[in-house]
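To keep things clear, I will list the structure first and then write my remarks on it.
Below, read A as the first sequence line, B as the second, and so on, with proteins coming before strands; counting in each chain starts at 1.
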Amino acid sequence: MNYWLLKTEPDEFSIDDLEKIAPRSERWNGIRNYQARNIIRDEIKIDDLAFIYHSSCKNVGIAGIAKVTRSAYIDEDQFDSNSAYFDIKSNRENPRWYCFDVAFIENFNSIITLKQLKSDLKLLDMVLIKQGRLSIQPVKKKEWDHIITYSN
DNA sequence: GCCAACGTTGGC
DNA sequence: GCCAACGTTGGC
C-alpha cells in the first residue's frame with residue numbers, strides 16, 4: 001500500500017466537504033500536470049491512503065485523511081468544452097488526463113500546519129518541503145507514520 | 001497582491 | 001533540442 005498527499009484549495013473543496021458526503025466518494029479530477037498525471041495513472045491504487053492538504057488559504061496544512069476507492073479512469077472534463085478543465089489537444093483515442101476517487105477517513109481536530117511540517121527535522125526530505133509545487137505527491141511510510149502522531 | 005519556483009509553449 | 005517568454009502554483 002502507498003501513501004499520498006493531495007492538495008486542494010478548501011474554498012473549492014475541503015476535508016469538511018469530503019466528510020459531508022461520506023461514505024460516498026469524491027472524484028479527484030482536474031489534475032493538469034504531467035508529473036501528477038503519471039502518479040495517478042501508474043501508481044495510485046485502491047485502498048491507498050492520502051493526506052488531504054489545504055493550500056492557498058488562511059490555515060495551510062494537512063487537514064485529514066482519505067482513502068482511494070477507485071484507481072485511475074479517464075477524466076471526462078478534458079473533452080467538455082464548457083468545463084474549466086477542457087483540453088483541446090486531448091482526444092478519446094489517446095486521453096491525456098485521468099482522475100480517481102477518494103472517500104473520507106478522518107478529519108483532524110486541528111490542521112497540521114505547513115509551518116510545523118517545515119520545522120520538523122524528520123521531514124526534511126518530504127516532497128512537500130523539497131519541491132512544493134506538485135498537487136499529488138508520494139509520502140513515504142516513515143513520513144506518514146510520523147505525521148499522524150501530530151493528530152493525536 | 002507579490003513573487004519565487006517551477007511548468008509549458010513555440011520560434012528558431 | 002535550446003531557450004526566451006509566458007503562465008501557474010502557492011506561500012507569505
Strictly below 4.0 Å: does [X] bring a side-chain N or O up to OP1 or OP2 of [N]?
X        : N      : result
A/Lys7   : C/dT9  : no
A/Lys118 : C/dC12 : yes
A/Tyr53  : C/dG11 : yes

[X] [atom1] - [N] [atom2] separation (whole Å):
X        : N      : atom1 : atom2 : value
A/Asn59  : C/dC12 : CG    : P     : 12 Å
A/Tyr34  : B/dG7  : OH    : P     : 13 Å
A/Glu12  : C/dT9  : CD    : C1'   : 14 Å
A/Lys58  : B/dG1  : NZ    : P     : 17 Å
A/Ile88  : B/dT8  : CD1   : P     : 18 Å
A/Leu134 : C/dT8  : CG    : C1'   : 13 Å
A/Ile31  : B/dT8  : CD1   : P     : 13 Å
A/Leu117 : C/dG10 : CG    : C1'   : 15 Å

Plane angle bin for A/Trp28 and A/Phe100 - parallel if under 30°, tilted between 30 and 60°, otherwise perpendicular
tilted
Do A/Ile62 and A/His54 come close enough that some side-chain heavy atom pair is under 4.5 Å?
no
Is there a side-chain contact between A/Ile44 and A/Ser71 (heavy atoms, below 4.5 Å)?
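No; the side chains remain at least 4.5 Å from each other.
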Side chain of A/Arg133: nearest nucleotide among C/dG10, B/dA5, C/dC12?
B/dA5
Taking the side chain from A/Arg32 and the backbone from A/Tyr85, do they hold a donor-acceptor pair closer than 3.5 Å?
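Yes.
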Students often get this wrong, so: under 4.0 angstrom with heavy atoms, is A/Ser55 touching a base, only sugar-phosphate, or nothing?
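Sugar-phosphate: the residue A/Ser55, judged by heavy atoms under 4.0 Å, touches backbone atoms but no base.
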For A/Lys89 and for A/Gln35, locate the closest nucleotide of DNA chain B by heavy-atom distance; then report the residue assigned to the nucleotide nearer the 5' terminus.
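The residue closer to the strand's 5' end, by nearest nucleotide, is A/Gln35.
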Is any NZ, NE, NH1 or NH2 atom of the basic residue among A/Arg37 and A/Asp75 found under 4.0 Å from an Asp or Glu carboxylate oxygen of the other?
no
